[in-house]
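Data block below; observations after.
Treat the numbers as computed from the prediction; the structure is a model and nothing was measured. Nothing fancy with the numbering, it's 1 onward along the sequence.
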Amino acid sequence: MMAKHSENNQSLTGNGDVMVLTAADRMELMCFAQISSRLGGAIILIIQSILASALL
């Protein structure tokens, strides 16, 4: 069940990139949007794990 939610979350992130870049007429920036989305997600997971270990 959790893996399915994770797959859906990632596909929504990609759709968000497409929607924002299409609205701004900037589809040429898609590769940068994908990289920034993935790096942002990784940074959030690192911060979350540090906070969880500090609080628990």
Side-chain angles (χ1 to χ4, degrees):
M1 178 90 177
M2 190 60 144
K4 184 172 177 77
H5 177 69
S6 177
E7 291 172 12
N8 287 338
N9 193 15
Q10 286 193 351
S11 67
L12 288 176
T13 301
N15 287 336
D17 292 341
V18 171
M19 287 188 291
V20 168
L21 292 175
T22 301
D25 196 26
R26 296 288 200 168
M27 287 301 290
E28 66 272 7
L29 298 176
M30 177 55 83
C31 59
F32 297 108
Q34 289 176 341
I35 292 170
S36 65
S37 292
R38 291 179 185 194
L39 284 176
I43 291 169
I44 293 297
L45 288 176
I46 291 169
I47 292 171
Q48 179 183 1
S49 66
I50 292 170
L51 289 176
S53 65
L55 296 176
L56 297 176

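Atom CG in Leu29 sits 11.0 Å away from atom CG in Asp17 (nearest 0.5 Å). Atom CG of residue Leu39 and atom CD1 of residue Ile44 lie 11.5 Å apart, to the nearest 0.5 angstrom. From Gln34, atom CD reaches atom CG of Leu21 across 9.0 Å, with rounding to the nearest 0.5 Å. Summarising the geometry, atom CD1 belonging to Ile50 is positioned 11.5 Å from atom CG belonging to Leu55; distances are rounded to the nearest 0.5 Å.
Residues Phe32 and Val20 do not share a hydrophobic cluster, clusters being chains of Ile/Leu/Val/Met/Phe/Trp/Tyr side chains in contact below 4.5 Å.
Residue Val18 comes nearest to Met30 through the heavy atom pair CG2-CE, 3.3 Å, listed as atom of the first residue, atom of the second, then distance.
A donor-acceptor contact shorter than 3.5 Å is absent between the side chain of Thr22 and the backbone of Met19.
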